Number of protein chains: 2
Amino acid sequence: MVKIPGQSTRGSRTGRPIMVLLDVLGQRWTLRILWELHQSRASFRTLQERCDGVSPTLLNKRLKNLRSLNLVDLDKDGYGLSAMGQSLTERLAPVGAWAKDWADQL
Amino acid sequence: MVKIPGQSTRGSRTGRPIMVLLDVLGQRWTLRILWELHQSRASFRTLQERCDGVSPTLLNKRLKNLRSLNLVDLDKDGYGLSAMGQSLTERLAPVGAWAKDWADQL
DNA sequence: TCTTTCTGCTACATAAAATGTAGCAACTGT
DNA sequence: ACAGTTGCTACATTTTATGTAGCAGAAAGA
């Protein structure tokens, strides 16, 4: 059972890792934040701009959460993906290619 | 430029398909709904139960949206993934495997 | 040293989104 | 005719996100 302190258990009643992950990624801006950090490290403010000016309140909330989940870290160069975060976004990459075909088909 | 009627343009100012997709997938329950439909087709109510009793209001909203995006369809056997939805969730599958390692590492 | 300009972050009122519960109309099977 | 489905809607309450302002600390320049 995966239990994250201060985290909702919505969609996690089974405790199956995938459910927990889908729950986390399904939070507004989380996916986008990971995507942006996958492009490059960024300071809080830069990241905020890149995320279409998402509110700092929420950005901070998400970043705190992603750090506690060991997907994101913070150093002198600002925020970036941890090794784990990197491996996740790498697996998410094929979806980027898929999106092009999908958009054409729409 | 991809424009979806009645859809927020949050995170879609560039109109890049991936941004639109991240925006859609980043909506609460969307990812989970796709995941559940990837397991098998289901009626509205069955799907609702599988999604930990998500409110029918929201479930319907998401399903409508996913149908307009050509990711989900509805037939006599209830809701299910379209061909497009299938190809998306297939690309999402590696993330399921990843989640196990991630959970162990937490 | 004294600004200026970054940094990450917080407070708080407003607005938007999600929940929970009840129930409707249409169809299916007995 | 009746019971049990189906997909779905209404609506009041609660939760979440937005937008704006601004604080405290570090670094860089004059």
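Labels below follow one simple rule: chain letters A, B, ... track the order of the sequence lines, proteins then strands, and each chain is numbered from 1. All of these numbers come straight from a predicted model, not from anything done at the bench.
Residue B:Lys64 has a polar side-chain atom (N or O) positioned under 4.0 Å from OP1 or OP2 of D:dT9. Between B:Asn60 and D:dG7, a side-chain N or O to OP1/OP2 separation shorter than 4.0 Å is absent. Dashed line: the shortest gap from a side-chain N or O of B:Ser43 to OP1 or OP2 of D:dT6 is under 4.0 Å. Side-chain N/O atoms of A:Trp29 include one lying less than 4.0 angstrom from OP1 or OP2 on D:dT18. For D:dT15, the OP1/OP2 oxygens have no side-chain nitrogen or oxygen of B:Arg28 closer than 4.0 Å.
Counting to the nearest Å, the P atom of C:dC6 and the CD atom of A:Gln48 are 15 Å from each other. B:Leu59 places its CG atom 10 Å from the P atom of D:dG7, with the value rounded to the nearest Å. Atoms CZ (A:Phe44) and P (D:dA24) sit 18 Å apart, rounded to a whole Å. Atom CG in A:Leu63 sits roughly 14 Å away from atom P in D:dA17 (whole-Å rounding). Between B:Ile33 atom CD1 and C:dA18 atom P there is a gap of 11 Å when expressed in whole angstrom units. With rounding to whole Å, B:Arg62 atom CZ is found 19 Å from D:dG7 atom P. For the pair A:Leu58 CG and C:dA17 C1', the interatomic distance rounds to 13 Å; values are reported in whole Å.
Here the side chain of B:Arg45 is nearest to one of D:dG7, C:dT21, C:dT10, namely D:dG7.
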message: Test side-chain contact (heavy atoms from CB on, under 4.5 Å) on B:Leu74 and B:Phe44; report intermediate values, then the result.
response: CA-CA 10 Å; B:Leu74 170 64; B:Phe44 188 94; over 6 Å; no
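Partner of B:Glu36 under the salt bridge (Lys or Arg N to Asp or Glu O under 4.0 Å) criterion, chosen from B:Arg50, B:Arg41, B:Arg62: B:Arg50.
Here A:Asp23 does not pair with B:Arg28 in a salt bridge; the nearest charged N to carboxylate O distance is not below 4.0 Å.
Across all strands, B:Lys76 comes closer than 4.0 Å to no nucleic acid atom at all (heavy-atom distances).
A donor-acceptor contact closer than 3.5 angstrom is absent between the side chains of A:Trp35 and A:Thr89.
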